[in-house]
K.L.:
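First the structure, which I've put down as structure tokens, then a few questions once you've had a look.
Not measured: the values here are computed from a predicted model. Computed over heavy atoms, backbone and side chain alike; hydrogens, waters and symmetry mates excluded.
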Amino acid sequence: MKKTIFAISCLLSGLFTLQAQESFLTLVPTPGAYAAAIPDDIYIRPSRAVTSGGTYSSDVIGNAIDGDMSTIYHSIDMTGPVTLKFFFETAPVEQLDYIVYYPRTSGTNGNFKEIEVHYRVSGNTQTIKYGDYNFNGATTPSLITFDEPLRNINLIQIVVKSGVGEDGKQFTSCAEMQFYRKSPDTFDYTSLFTDAKCSELKADVTIDDITQEPNDFFRKLALDIYRGDYNSEFRVKAYPAYPRVETLSATNKTSKYGILDNATGVFFDAGEDIILFADSLHGQTVSLRITDFSEGNGFDTNSNYPLFEGLNKFKAANKGLAYIMYHTDNTAAPPVKINLASGRVNGYFDITRHDRDDWQRLLDQTVCPYFDVLGNAAHLLYPVDRFKECTDGLALINVYDSIVTLEQEFIGFNKYGRKTANRVMFLVGYGSLYMSASDLHTNYNDNTLSPQLINARLLRTSAVWGPAHEVGHVHQTRPGFKWVGMSEVSNNVYSLYVQTSFGNTSRLTAENGYQRGFTEIIARGIPHAKLGAYTGDPYFQKLVPFWQLHLYANIIGKPDFYMDLHEQVRVNPSKDYATQSGEIQLDFVRYACDLLETDLTNFFEAWGLIAEIDTMVGDYSSVVQTITAAQIAALKDEIAARPYADNKAPGGLIYLSDATVDVIREQRSIVKGTRTVNGLNVTMTGWSNVMAFEVYNNEGKLVYATPNAKFTLPSSYPSATYKAVGWDGARIDAD
């Protein structure tokens with residue numbers, strides 16, 4: 001009888017649409033459909049704003065209160081604190097509960113760091129300081145909340161004491177400063193729910209208690225939870241804090257890792273009401289970001305919303321997937337518990353929560369064209385249609401994780417305690433883009449994904465180079481291992497490590513990289529950085545000596561060489577890329593000799609890394625590289641004074657390749673064979689333990705060198721002579 005009365009009362013109230021489902025009512029919409037039942041906070045717009053600092057072009061202070069996130073206020077270079085004044089002259093503000101600072105939507109120049117907040121009560125002439133804050137140059141919105149509301153005020157004054165800058169300069173910028181009074185109509189969550197995130201009913205709550213709740217939204221939310229219809233797998237979660245990528249980047253001297261680690265799996269349409277409940281935020285700054293990844297938009301098409309404890313309500317400025325932005329330098333910051341009560345569940349695959357059997361189920365329930373896959377070290381954001389071509393999502397994310405973790409291992413993150421919970425992000429892209437890397441994400445054209453990048457087997461073999469190369473750009477440790485001319489070189493040392501760790505043949509071997517390097521740099525006797533002037537594709541040739549150092553380090557029992565070298569780069573002061581790239585290169589030579597306890601000067605001279613140069617070197621940021629005779633002499637004197645000075649590198653090291661590692665390790669003697677020449681084609685038969693074959697012209701000049709027994713000369717050399725080079729650098733005639 002009671003069930004019948006309940007159903008009739010609901011029909012009469014006109015609040016719900018009924019469908020038969022066992023003995024309960026099914027409410028067609030989600031709780032978010034009743035968002036209108038939750039009142040908005042009251043926005044208070046200043047009458048005008050002024051600043052003590054000059055501005056660039058049209059980036060005037062009025063842009064900070066125009067309601068348009070695409071316009072910004074931007075100061076000139078700060079020579080001292082910059083004061084921003086926001087006046088409320090039409091009428092004093094009866095009650096001000098909080099302020100939201102929105103940083104610029106692209107770039108970071110001028111984002112607030114240290115600030116002071118002052119206010120003035122109407123009728124007074126002096127301002128009162130409220131407090132000090134440090135927003136740390138964050139790219140997400142920051143909140144200034146008042147323990148007790150400010151009342152009857154006519155001025156808010158923000159004193160910016162420091163802001164993000166570059167080249168020793170600091171700036172102040174702002175997309176919007178917004179001022180709010182909390183809605184006087186509040187809901188007491190304790191009437192139905194156990195805590196402020198409103199995801200669990202109190203033990204003694206009955207169906208009658210729920211139906212008597214006058215607020216449509218909370219009645220619907222409570223009823224869904226009561227019946228077990230609430231999708232708490234994705235709507236309710238404890239989100240951990242992640243280290244600030246700006247801090248990690250600065251201390252590790254790398255690019256920035258991803259910032260969207262806290263995927264919610266919830267999708268919003270533009271203009272939709274966002275209803276979110278947060279339990280304790282532990283005094284941390286936390287925000288919600290909605291990003292539209294669709295073609296023509298991309299990573300920077302997003303909107304951000306600062307979060308309060310308890311109820312949060314916003315209007316989605318754009319469609320997209322939602323992420324919790326919780327980044328702090330406080331390593332002890334506890335997780336924050338959040339309930340996203342509106343939007344549609346899209347889901348995500350998390351290696352710590354899901355297994356192989358979940359893959360297809362999760363893809364089948366998506367409502368957005370894009371899907372998050374979270375590994376331990378990698379974060380994929382690719383189209384759902386591409387992922388549906390993959391039958392084993394767990395195997396796929398395991399390969400991506402391995403790419404990242406192998407590179408982390410190689411550069412010493414594990415050895416030196418620099419491992420982080422932050423992930424490298426792999427993001428789909430469109431247009432003319434092929435693959436690329438930037439701060440916060442690596443990018444892969446949609447056309448490159450299928451089948452190579454969503455097939456675990458292919459990704460471990462033929463397709464591994466592209467992602468390993470782009471992740472290598474993220475890990476380039478700069479400027480100590482990324483001086484001018486090295487932008488597309490040092491990252492490939494990491495690519496080779498991943499490629500060969502997966503059991504694949506080195507690209508230097510498979511694509512004749514060794515032969516080109518031996519011929520185009522060693523045989524020509526040119527400075528390493530000058531190779532670009534001789535060939536339009538210098539990267540693999542320039543890569544060879546750095547991979548040889550890795551191989552040699554393993555030969556002599558120092559497998560941690562590159563781990564230790566990267567740590568030296570990280571802990572020692574950085575020199576200026578633009579004016580000291582030559583010195584940075586020589587520092588690399590010093591580090592290598594010291595760490596391998598070997599005089600490698602002959603090796604580095606052969607590879608043109610110890611060579612006089614004063615030339616503009618082409619790179620993404622092209623600068624003049626200068627190395628003088630005096631600098632070279634000083635370096636050689638330093639190495640000669642080291643305790644290991646008598647430990648010379650073997651002469652054949654300059655020709656080391658993957659195939660001749662054991663020749664040097666076991667100091668094998670050359671076994672002679674025969675030589676046949678047919679035009680430009682040369683075949684060496686029966687030779688073994690040869691580091692390289694050299695070809696000299698009739699003037700006795702080295703013109704060609706190769707590790708291959710069969711090779712084709714680029715041109716005819718009259719009276720050419722051939723030499724075979726042994727592990728110790730000894731040369732014999734290759735008749």
K.L.:
Kindly compute the distance separating OG1 (T391) from CZ (R356), expressed to the nearest 0.5 Å.
P.N.:
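One finds 10.0 Å between OG1 of T391 and CZ of R356.
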K.L.:
According to ring pair (Phe, Tyr, Trp, His ring centres under 6.0 Å), does anything in residues 614-668 pair up with another residue at least two apart or in another chain? List the pairs.
P.N.:
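For residues 614-668: F518-Y655.
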K.L.:
What I'd like to find out is whether the side chain of N443 reaches to under 4.5 Å of the side chain of M435, using heavy atoms alone.
P.N.:
no
K.L.:
For K648, check salt bridge (Lys or Arg N to Asp or Glu O under 4.0 Å) against everything at least two apart and list the hits.
P.N.:
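For K648 the salt bridge (Lys or Arg N to Asp or Glu O under 4.0 Å) partners, ignoring immediate neighbours, are D599.
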K.L.:
Taking side-chain hydrogen bond (donor to acceptor under 3.5 Å, both in side chains) as the cut-off, I'd like each qualifying pair that reaches into residues 667-678, sequence neighbours left out, listed once.
P.N.:
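Qualifying pairs, neighbours excluded: E666-R668.
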K.L.:
Should P707 and T509 count as side-chain neighbours, where that means a heavy-atom distance under 4.5 Å?
P.N.:
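They are not in side-chain contact.
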K.L.:
So L600 and L653, do their side chains get closer than 4.5 Å, heavy atoms only?
P.N.:
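Side-chain contact under 4.5 Å: yes.
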K.L.:
Can you pull the salt bridge (Lys or Arg N to Asp or Glu O under 4.0 Å) pairs that have at least one residue in residues 576-587, sequence neighbours excluded?
P.N.:
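Qualifying pairs: K575-E583, K575-D587, D587-R590.
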K.L.:
Please list, chain by chain and in numerical order, all residues satisfying salt bridge (Lys or Arg N to Asp or Glu O under 4.0 Å) with R731, sequence neighbours excluded.
P.N.:
E694
K.L.:
Students often mix this up, so state it plainly: with edges at 30° and 60°, are the rings of Y494 and H566 parallel, tilted or perpendicular?
P.N.:
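Judged by the thresholds at 30° and 60°, the geometry between Y494 and H566 is tilted.
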K.L.:
Tell me which pairs pass salt bridge (Lys or Arg N to Asp or Glu O under 4.0 Å) where either residue lies in residues 429-444, with sequence neighbours left out.
P.N.:
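Passing the test, one end in residues 429-444: K256-D439.
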K.L.:
Could you note down all residue pairs passing ring pair (Phe, Tyr, Trp, His ring centres under 6.0 Å) where residues 672-693 supplies at least one of them, sequence neighbours left out?
P.N.:
W687-F693
K.L.:
Roughly how far, to the nearest 0.5 Å, is CG of D392 from CH2 of W359?
P.N.:
9.0 Å
K.L.:
Not counting sequence neighbours, which residues clear side chain to side chain contact (heavy atoms under 4.5 Å, CB included) with D355? List them please.
P.N.:
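Side chain to side chain contact (heavy atoms under 4.5 Å, CB included) list for D355, sorted by chain: D357, D358.
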K.L.:
Could you give all pairs that pass the salt bridge (Lys or Arg N to Asp or Glu O under 4.0 Å) test and reach residues 711-728, with sequence neighbours left out?
P.N.:
K723-D733
K.L.:
State, with a plain yes or no, whether a side-chain heavy atom of V464 is found less than 4.5 Å away from one of P467.
P.N.:
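Of all side-chain heavy-atom pairs linking P467 with V464, none is under 4.5 Å.
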K.L.:
Judged by modelled atom types alone, do E470 and T442 share a side-chain donor-acceptor pair under 3.5 Å?
P.N.:
no
K.L.:
Report the C-alpha separation of F481 and F588 in whole Å, then their side-chain angles, then the decisive distance to 0.1 Å, and conclude whether the ring-ring contact (aromatic ring centres under 6.0 Å, His included) test is met.
P.N.:
CA-CA 7 Å; F481 197 38; F588 177 88; 5.4 Å; yes
K.L.:
Quick one: are W727 and L656 in side-chain contact, heavy atoms under 4.5 Å?
P.N.:
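When only atoms from C-beta onward are counted, L656 and W727 do not touch, as no gap falls below 4.5 Å.
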K.L.:
Is the closest side-chain donor-acceptor distance between S657 and T660 under 3.5 Å?
P.N.:
yes
K.L.:
What pairs with F711 under ring-ring contact (aromatic ring centres under 6.0 Å, His included), at least two apart in sequence or on another chain?
P.N.:
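ring-ring contact (aromatic ring centres under 6.0 Å, His included) list for F711, sorted by chain: Y704.
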K.L.:
Just by distance, no angles: are the side chains of D350 and T352 close enough, under 3.5 Å, to form a donor-acceptor pair?
P.N.:
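Side-chain D/A pair, D350 to T352: present.
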K.L.:
Can you tell which of W607, F546, F603, F604 makes a ring pair (Phe, Tyr, Trp, His ring centres under 6.0 Å) with H528?
P.N.:
F546
K.L.:
When rounded to the nearest 0.5 angstrom, what distance separates CG in L549 from CG in N554?
P.N.:
11.5 Å
K.L.:
Under 3.5 Å, is there a donor-acceptor pair between the E488 and H469 side chains?
P.N.:
yes
K.L.:
Just how far is it from atom SG of C390 to atom CD1 of I454, taken to the nearest 0.5 Å?
P.N.:
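One gets 6.0 Å once the value is rounded to the nearest 0.5 Å.
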K.L.:
Do Y257 and H475 meet the criterion of a side-chain donor-acceptor pair at a distance under 3.5 Å?
P.N.:
yes
K.L.:
Go through Y577 and W483 one step at a time and tell me if the ring-ring contact (aromatic ring centres under 6.0 Å, His included) criterion holds.
P.N.:
CA-CA 6 Å; Y577 173 93; W483 57 88; 10.0 Å; no
K.L.:
Between N697 (side chain only) and G700 (backbone N and O only), is there a donor and an acceptor less than 3.5 Å apart?
P.N.:
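Confirmed, N697 side chain pairs with G700 backbone.
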K.L.:
For the NZ atom of K482 and the OG atom of S581, what is their distance to the nearest 0.5 Å?
P.N.:
9.5 Å
K.L.:
Taking ring-ring contact (aromatic ring centres under 6.0 Å, His included) as the test, write out the residues that go with F426, two or more places apart.
P.N.:
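With neighbours one apart ignored, the set is Y400, Y444.
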K.L.:
Please report the interatomic distance CG(N647) to CG(L596), rounded to the nearest 0.5 Å.
P.N.:
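With rounding to 0.5 Å, CG (N647) is 9.5 Å from CG (L596).
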K.L.:
Less than 4.5 Å apart, any side-chain heavy atom of W547 and any of V493?
P.N.:
yes
K.L.:
In this structure, are over 12 heavy atoms from other groups packed under 6.0 Å from D646 atom CG?
P.N.:
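No, the 6.0 Å shell around CG holds no more than 12 heavy atoms from other groups.
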K.L.:
Would you mind listing every salt bridge (Lys or Arg N to Asp or Glu O under 4.0 Å) that reaches into residues 408-423, with sequence neighbours excluded?
P.N.:
D261-R423, K415-D560, K415-D564, R418-E567
K.L.:
Is it true that the side chains of N422 and T420 contain a donor and an acceptor less than 3.5 Å apart?
P.N.:
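T420 and N422 do have a side-chain donor-acceptor pair below 3.5 Å.
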K.L.:
Would a 4.5 Å heavy-atom cut-off, applied to side chains only, mark I610 and V589 as touching?
P.N.:
yes
K.L.:
Just do the salt bridge (charged side-chain N to carboxylate O under 4.0 Å, His left out) check on D385 and K388 with the steps written out, would you?
P.N.:
CA-CA 5 Å; D385 287 346; K388 284 185 176 180; 5.1 Å; no
K.L.:
Does a side-chain heavy-atom distance below 4.5 Å link F349 with L374?
P.N.:
no
K.L.:
Given 3.5 Å as the limit, does a donor-acceptor pair link the side chain of D614 with the main chain of T628, or not?
P.N.:
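Checked: no pair found.
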K.L.:
Give a yes-or-no answer on whether the side chains of S255 and R478 include a donor-acceptor pair shorter than 3.5 Å.
P.N.:
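Per modelled atom types, S255 and R478 side chains form a pair under 3.5 Å.
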